[in-house]
Structures are given as structure tokens and as C-alpha cells.
Amino acid sequence: MKSGFTRSNFLKEKTGLLKPHSKNIRGIFPRLALAFFVIVAISSMYISLTVKSAGLIEYTVPALKAGDISPNREIALIDFEIPKPSEQLEEEQKQAAAGVIPVFSIDYEALRSIQTEIDTLFSVMNSFSESAVTDSAKKSIEDAVYGEMTFSEIASFKRRILFGKSSVTDSVYISLKRAFNQLYTQLIVSSKDDLRHISEEFIMLEDYEDKRTVRIEDVLDTGDVTETLKQKLREYLGKIFLKRSLDTIQDFTIKFIRPNLYYNAPRTNELREQAMSAIPHNLASYKRNERIIEANVSVNALQLAALAAYKKELESRTFEENRRKHYAIAFGKIIIGLGIIMIIIRYIYIFRLKLYRSFSQLLLLCLISAIPLLVAYYISWSGNISEFMIPVALATILATILFDAGIGILISLGIALIVASFNFSTGARLGIIYFIAGSVGVLTVGQVRHRKEFYRSMLFVPLSMAIAVLATNDWISNSSFAVLGKDIFIAAANGFFCPIIAIGFLPLLESFFKIATDITLLELSDLNNPLLKDVAVKAPGTFSSVLMVGSLAEAAAEKIGANPLLARVGSYYHDIGKTLIPEYFIENQYGGDNPHDRLSPHMSALVIASHVKEGYELGLKYGLPEAILDIIKQHHGTSLMASVYHKAVENSGGESVDESAFRYPGPKPQTREAGIVMLADLVEAASRSVNEKAPGKFKSLISTIIQKRFLEGELDECDLTLKNLHNVEESFLPVLVGSFHSRVEYPWQKEENAKNGIGNGAAKPDKKNTVDSGIEKDNK
């Protein structure tokens with residue numbers, strides 16, 4: 001027990017076995033880091049929200065809509081402008097950009113390149129004789145001429161124009177250059193289809209400083225130019241060459257054709273950007289002392305937009321002029337937020353010390369609480385999302401299931417107060433609504449043991465949120481049933497989906513943070529679990545024992561207000577380490593050969609103690625929760641293996657025997673449930689060695705065992721008080737007496753017992769099973 005001055009502690013202090021406790025810096029550092037992160041996060045939230053809202057503005061926009069009659073005259077105190085709605089501005093900019101005619105530019109180098117290539121062609125043809133050209137020379141000739149012209153095509157062209165007859169060759173040369181000079185006075189593109197993807201009717205032609213609009217119909221593509229070129233060649237050379245030769249010249253010549261007009265994308269984009277930037281960003285502007293709205297006249301949409309823009313401009317200028325005051329407001333909110341968190345932490349330190357000492361559980365609590373706070377922050381920052389969408393019930397439901405109802409209510413109150421402090425104008429209403437919703441979530445899952453029980457939350461949480469929104473509505477400023485109905489619907493939807501999301505998160509959080517909820521414990525209590533089936537098959541005596549221990553522990557835990565489900569399930573798994581060598585434990589020997597008779601006392605002690613370590617490792621392998629693993633480690637504490645120790649003393653020949661070598665490795669029980677399992681385990685084992693199964697005998701046995709363990713100091717580190725131990729003793733007795741109840745003998749049993757000299761069905765004393773001091777179980 002943690003409180004009280006025990007005899008065990010007194011002896012340890014007198015003998016100097018108690019050493020002063022030194023703080024572990026490495027254990028403190030994670031908590032300090034977590035605290036630093038929370039402080040920075042909360043401070044950043046409040047500062048950013050204060051800067052965004054600039055809450056010193058006294059001016060409020062009249063609650064009007066288009067067509068209402070203005071009650072007052074509104075005069076502008078400052079110059080301001082009405083910004084266009086983003087959708088309207090984007091649409092106007094898009095239309096302006098679409099109205100820009102695409103820009104094209106002329107490539108004057110296209111004709112020069114063609115003329116140069118014609119000159120190169122005739123020069124190359126003059127420099128070779130077809131019969132004396134090597135393969136490498138052919139490749140050089142092909143590379144010198146534009147396009148994909150092969151040597152055979154060049155040679156064929158040379159033959160067709162009767163190269164060598166200067167008059168004919170000169171005619172072809174002059175005709176080609178003349179035809180291209182005439183063609184390239186036109187605008188030529190690759191394809192008109194590609195052109196129509198850019199513009200449907202016109203293009204803008206930019207030629208240095210000259211700009212002109214051209215119709216797409218006035219532009220030629222390479223297909224049009226090909227036919228025109230063939231026609232001109234027929235006109236110039238038709239009298240000199242036969243048709244076959246003329247066709248060869250035409251097919252060869254069209255390979256020089258290329259566009260001389262190209263799309264100037266950078267210039268087009270530049271003009272579009274200029275057109276978009278030229279669109280005014282404001283609907284209208286007002287000067288100081290200019291009238292915004294006249295009194296007693298109908299209000300239009302533009303005037304309402306002017307009021308909203310006027311308020312926003314006032315807020316912006318007021319913040320700049322009163323920066324220190326705004327930061328003072330933010331600092332005050334930070335103090336409130338951190339004060340709420342400090343109260344919660346202090347409560348946990350005083351009333352939930354185990355939770356406070358576990359960094360992983362503190363981190364889990366922070367993560368759970370952060371979900372609704374981050375949503376609330378985003379909603380407050382954006383200003384265009386309903387404030388009834390904050391999932392406070394999600395956090396409280398998770399906190400209740402993973403910890404307890406007290407923590408759930410505490411988190412509900414803390415989150416509701418912080419959410420309320422984000423916006424003082426509507427904070428009181430939000431705080432009330434979310435505290436009610438969160439608390440209802442706690443109350444509906446306080447005893448959840450099956451996932452189907454979440455249906456209670458899915459009904460009552462949305463109902464409570466809807467009623468709270470309706471009950472806290474300000475009917476003076478918000479009398480619209482449509483708006484109120486929308487708020488109620490959003491709040492109810494929020495309350496409905498919070499339990500559903502909690503169901504999805506719960507297994508992940510249980511697995512990652514190694515927390516055993518009642519739902520997990522119920523799943524582990526299934527006797528078809530592989531671990532328990534293994535115990536039943538390999539160590540049936542142990543299996544029978546743990547079932548009895550579970551009944552005892554559950555009754556005792558329920559009596560003193562501990563977790564009865566954890567006590568029962570922990571009892572089922574506390575001896576799983578015995579499945580590795582079951583024959584070394586007396587409940588699995590069935591009166592047969594005892595392997596310990598062949599072992600030394602020290603070896604027997606090692607074998608017996610090993611089942612604790614083996615059980616812990618087996619539990620880790622099968623993913624048992626930390627709470628169950630702790631019971632496995634702690635169910636024997638550091639108690640003495642009395643029978644093995646006494647045997648060692650007898651065999652020592654009068655020499656001293658180190659008692660520590662015959663103790664379990666510990667640690668001592670750290671929780672009430674672990675302490676109860678220790679006592680139930682001892683009582684169950686001792687009860688089987690009692691010859692007379694009478695209530696008085698059992699009562700004396702239970703009292704002796706509990707008193708002995710208390711005086712040995714094995715219960716000093718758990719929360720069991722003297723009153724708890726008295727209640728545990730009272731709860732053990734009826735379970736133990738009930739398990740050894742008598743039955744009416746059958747006639748054949750009476751005859752058999754009479755022959756054996758046993759009266760009234762009483763069992764013969766079995767000295768072999770007598771246990772040292774009535775409390776030693778795992779002996780040889």
C-alpha cells in the first residue's frame with residue numbers, strides 16, 4: 001500500500017535497505033518536451049486568431065439583407081474599396097484573357113534558308129560524278145543538302161534536269177528561286193487545323209513595331225503551298241521537260257517547303273496577363289465622409305457589400321494602430337488557455353498519478369484533445385465554416401474508453417472552455433453546447449463493453465447537441481428558422497458521426513499505445529483465445545486453477561471498486577508461462593513423478609521462477625496489453641519460494657543459505673488488480689490442500705494468507721488499503737466455499753465409501769498435497 005507506515009518499511013529503513021530516490025532526467029525530458037510543444041501550440045493559436053480577428057472593433061454591420069429598410073444612416077469614416085467576389089473577379093479575368101487575339105510572328109529566315117539550300121544543292125550536284133562517288137562521299141552529299149534527301153534522289157534530280165546543259169540547268173535554277181520568292185510573300189503555317197485550335201477567326205501579326213490583324217482564311221498551310229508550287233513549276237518548266245521529268249522535279253522541290261509563320265506563345269501570354277491585370281479588383285470605392293446607406297431606404301446588395309468591406313478595413317487599420325492592445329488581448333487568452341491546461345494536469349497529478357507518470361498515456365491524452373482543438377482553430381481562422389462542426393464528443397468518448405469517465409468529463413470541460421475562449425462573442429454559447437455534448441458522450445460510453453453499445457452515443461449525443469443549439473439560440477439576433485434549422489442539422493450530424501469515428505480510431509489507439517479497454521479485455525476473456533487454449537491443452541491443471549483465480553479476483557475487484565474485468569482476464573493469463581514446462585508444477589503432476597526430486601533446490605527455484613519471465617515474453621509475442629503483462633510480472637512480487645528454500649536449508653548442513661536466491665524477481669504489485677490476483681492465486685492454491693472444506697477453515701486460511709503477504713511488504717507498492725484487504729477477504733470466502741460445495745451421494749458411492757471406511761463421502765487426508773504454511777503454490 002502506498003499510504004501508511006508498514007512494518008516492512010520500518011525494517012527496511014532501520015537496516016539501511018531503503019535508498020533515496022533520485023530523479024531520472026531522461027524520464028523527465030519527454031514530459032518537458034511535450035509541455036513545451038503544448039505551450040507553443042496554444043500560444044500560436046491565440047496570437048494568430050487575435051491578429052486575424054482584431055477584436056477591438058466597435059462597429060458592427062447591421063443585420064440586413066437585400067431589400068430590407070435601413071434603420072440608420074451610415075457614413076464612411078475612412079477611404080475604402082469594395083473588393084469583387086473572388087468568383088466574379090476570376091470569371092472577368094478569364095473572359096479578358098480569352099478576348100486576347102493570339103500573336104504570330106513572321107520567320108524571315110525561312111525564305112533565305114530555302115534560297116541558300118537551293119544554291120547548295122546545285123553546287124553539290126556540280127561537284128560530283130555519279131559513277132565515281134564512294135559511300136562516304138554519298139553520306140557527305142546527303143548531309144550537305146536540306147531535308148531527308150537521299151543521294152539517289154539527288155542523282156535522279158540531276159539527271160532529270162539534264163545537268164551539264166547549262167541553259168536547261170540555269171532555267172531550273174532560276175525557276176525554283178523565282179517560284180519560292182513569289183510563294184513566300186504569303187503567310188504559311190504547318191496546318192490550319194492547328195491554327196484553329198488557337199483561334200477561331202483572327203490572329204495578331206506582330207512584325208517588329210508593326211501590328212495587324214489577319215483572318216485565318218488569308219493564311220496558307222503547307223498543303224496549299226505545295227499545289228501552288230507545282231503549278232508555278234509547270235508554268236515555268238512545262239515547255240522544257242516532259243511530264244515524267246517534270247513530276248520528278250516537282251516532287252523533289254516540294255521538300256524545301258517550310259512554314260514562315262509561328263505562334264508566339266510568350267508574347268500571347270504576356271498580353272493575356274496584361275488584360276487580366278487591367279480588370280478592376282474592386283466593385284466600387286468610397287471616400288471619407290461619403291454616405292454608404294441612407295436611413296429609411298431599401299438596401300441593395302452593393303450597399304451590403306460596402307458595409308462588410310467597411311468593417312474589414314476598419315479592423316485592419318485598428319489593428320495596426322492598436323497593435324499592443326491586440327497582443328495584450330492575445331496574451332490574456334494565452335493565460336486562460338494555459339491555466340485551463342495546468343488545472344487539468346494538476347488534477348491528473350493529484351488523482352491520477354499513474355497516468356501522470358506515463359509519458360505515452362499523457363501523449364495519447366494530448367493527441368485526443370488536439371483533434372477538436374485543431375478543428376476549432378481552423379473554423380475560427382477561416383470564418384466560413386459552421387462553428388457546430390467541432391468534434392468535442394469524439395475526444396471525450398475516446399478519453400472515457402481509453403482512461404475513465406472522470407478523465408472524460410475533465411477533457412470535456414477543458415476543451416469546451418478553450419473553444420469558448422477562441423471567440424469571446426459566441427464563446428459562452430459554444431462552451432455550454434460542447435460541454436453538454438461531451439459529457440453526454442462520456443455518460444453513454446462509461447460502461448461500454450461491446451462495440452454495439454456505441455449506438456447509445458449515436459442517439460443521445462446528436463440529440464443533446466440539437467437541443468443545446470436550440471435552447472441557447474438568441475431569438476432576437478437570429479430569428480430565422482432556416483438558419484437555426486441548418487445549425488441544428490449540422491450539430492446533430494456532428495454528434496452522430498463522432499461515435500462512428502471513435503469506433504474506427506479505438507483499435508488503432510489501443511494497439512499503438514498498448515492500452516487495454518473493456519472491449520479488448522472482453523475479447524481476451526474468450527476461452528477460445530489461442531493462448532488460453534494452449535494452457536487448457538498443455539497444462540489442464542493450471543487452466544482449472546486460473547479459472548478459479550479469475551472468479552476470486554473478479555469478486556474481490558468488484559467489492560473494492562477496482563476493475564473486475566481486468567482482474568479476471570489478468571488471472572486467466574498470469575500463469576501462461578507454465579505451458580512451456582507444465583510437468584514441473586504440482587497442479588499438472590496428478591500425483592505422479594515429481595521432476596523436482598531430481599533437481600537441486602537452487603535449480604528448482606530457477607525453474608519455478610522462470611514461468612514469470614516466460615509468461616511475460618509469451619504475452620509480448622501474442623500482443624497482450626501492458627495491463628495484462630504487468631499482472632504476469634507482478635503476480636508473485638518478490639515473495640519467497642518457501643518449500644524450496646526450506647529444502648535448501650535442510651540440505652545445507654547448518655550453513656547459511658542466501659534467501660534472495662529463492663525469491664521471485666518481482667516487481668511487487670503496482671496496481672490494485674495485480675495485488676488482488678496475487679492474493680487470489682495464493683488462496684486458490686492453498687484451498688486445494690485444506691482437508692476439511694469448511695467455511696471456518698477457509699476464512700482462517702484467507703485471513704492468514706492476506707496478513708502474511710501484508711506483513712512481508714508485498715502489497716506496499718499498490719493502492720490496497722486495510723479496508724480494501726478486509727473487503728477482499730470477505731469477497732473471497734463465498735466464492736471459495738461455493739466452489740467446494742458438497743453433493744448428495746449416489747447409493748453405489750455410499751457402498752464404496754463404506755468399504756473404504758470413509759463416512760459421509762469425506763475425502764481421505766492427502767498429506768502429499770499439503771502446502772507449506774498453506775500459501776505455497778509453485779513448489780516441486
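Note that the structure is a prediction, hence the values are computed from the model and not measured.
Of the possible polar contacts, none joining the Ser43 side chain to the Val40 backbone as a donor-acceptor pair under 3.5 Å is found. Side chain of Arg272 to backbone of Pro102: no donor-acceptor contact under 3.5 angstrom is found. A donor-acceptor contact shorter than 3.5 Å links the side chain of Ser113 to the backbone of Glu109. No donor-acceptor distance shorter than 3.5 angstrom exists from the side chain of Gln303 to the backbone of Ile293, with no hydrogens or angles considered. Side-chain atoms of Ser123 do not come within 3.5 Å of backbone N or O of Thr120 as any donor-acceptor pair. With Thr185 contributing its side chain and Gln182 its backbone, the two residues share a donor-acceptor pair below 3.5 Å. Although no hydrogens or angles enter the test, the distance criterion places no donor-acceptor pair under 3.5 Å between the side chain of Asn260 and the main chain of Ile106. Checked by atom type and distance alone, the side chain of Asn494 pairs as donor or acceptor with a backbone atom of Ile390 at under 3.5 Å. A donor-acceptor pair is defined here as one N or O able to donate and one able to accept, closer than 3.5 Å; such a pair exists between the side chain of Lys84 and the backbone of Pro280. Without hydrogens or angle criteria, Ser382 side chain to Ile379 main chain gives a donor-acceptor distance under 3.5 Å.
Leu363 CG to Phe37 CZ: the interatomic distance, rounded to the nearest 0.5 Å, is 9.5 Å. To the nearest 0.5 angstrom, Ser44 atom OG is 7.5 Å from Tyr377 atom OH. For the atom pair Leu307 CG and Leu302 CG, the distance stands at 10.0 Å (nearest 0.5 Å). Taken from CD1 in Ile292 to CD1 in Ile82, the straight-line distance is 8.0 Å, to the nearest 0.5 Å. Rounded to the nearest 0.5 Å, atoms CG (Asp170) and CZ (Phe122) are 8.5 Å apart. Summarising the geometry, atom CG belonging to Leu246 is positioned 9.0 Å from atom OG1 belonging to Thr253; distances are rounded to the nearest 0.5 Å.
Tyr236 and Ile240 get closest at one heavy-atom pair: O-CD1, 4.5 Å. Scanning all heavy atoms of the two residues, the minimum distance from Pro372 to Pro391 falls at CB-O, 3.7 Å. The minimum heavy-atom distance linking Ala275 with Val100 is given by the pair CB-CG2, 3.7 Å. Closest approach of Pro259 and Ser190 over heavy atoms only: CG-OG, 3.2 Å. What you find for Arg291 and Ile75 is that their closest heavy atoms are CA-CD1, 3.7 Å. Closest of all the heavy-atom pairs between Met45 and Phe422 is SD-CZ, 3.8 Å.
Taking a 6.0 Å sphere around CG of Leu242, one finds it holds 12 or fewer heavy atoms contributed by other residues, nucleotides or ligands. Counting non-hydrogen atoms of neighbouring residues, nucleotides and ligands closer than 6.0 angstrom, the CZ atom of Phe513 exceeds 12 such neighbours. Residue Tyr263 qualifies as enclosed at atom OH: its count of foreign heavy atoms under 6.0 Å is above 12. Annotation for Met458: atom CE counts as buried by contact number, over 12 foreign heavy atoms lying within 6.0 Å. Residue-environment remark: CZ (Phe512) stays at or below the threshold of 12 foreign heavy atoms within 6.0 Å.
Asp79 has its side chain out of reach of Glu290: every pair of non-hydrogen atoms, C-beta onward, lies at least 4.5 Å apart. Residues Leu394 and Ile368 form no side-chain contact, since every pair of their non-hydrogen atoms from C-beta on lies 4.5 Å or further apart. Phe202 is listed as a side-chain neighbour of Arg215, based on a closest heavy-atom distance under 4.5 Å. With a 4.5 Å cut-off on side-chain heavy atoms, Ile69 and Ser298 count as touching. Within the 4.5 Å cutoff, no side-chain heavy atoms of Asn296 are placed close to those of Arg73. With contacts defined as side-chain heavy-atom distances shorter than 4.5 Å, the pair Lys486/Phe388 does not qualify. Contact annotation: the side chain of Val419 approaches that of Leu373 to within less than 4.5 Å [non-hydrogen atoms, C-beta and beyond]. The closest side-chain heavy-atom distance from Val392 to Ile433 is not below 4.5 Å.
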Worked verdict on Asp119 versus Tyr173 for side-chain contact (heavy atoms from CB on, under 4.5 Å) = CA-CA 8 Å; Asp119 292 340; Tyr173 175 76; 2.4 Å; yes
Evaluate the criterion side-chain contact (heavy atoms from CB on, under 4.5 Å) for residue pair Gln115 and Asn181; output intermediate values, then yes/no.
-> CA-CA 9 Å; Gln115 292 173 340; Asn181 283 334; 2.4 Å; yes
Stepwise, does the side-chain contact (heavy atoms from CB on, under 4.5 Å) test hold for Glu387 with Asp487?
-> CA-CA 9 Å; Glu387 56 196 4; Asp487 291 342; over 6 Å; no
Start with the C-alpha distance between Asp224 and Asp221, add both sets of side-chain angles, then the distance that settles side-chain contact (heavy atoms from CB on, under 4.5 Å), and finish with yes or no.
-> CA-CA 5 Å; Asp224 299 330; Asp221 62 15; 3.1 Å; yes
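In this pair, Phe80 and Tyr310 present their aromatic rings tilted. The plane angle is within the 30 to 60° band. Aromatic ring pairs are classed by plane angle as parallel below 30°, tilted from 30° to 60° and perpendicular above 60°; the pair Phe252 and Phe256 is perpendicular.
Remark: the Glu227 side chain and the Gln231 side chain contain no N/O donor-acceptor pair separated by less than 3.5 Å.
A salt bridge does not link Glu235 to Lys232: none of the charged side-chain nitrogens sits closer than 4.0 Å to a carboxylate oxygen.
None of Leu220, Thr228, Ile114, Ile257 except one satisfies the side-chain contact (heavy atoms from CB on, under 4.5 Å) rule with Leu183; the exception is Thr228.
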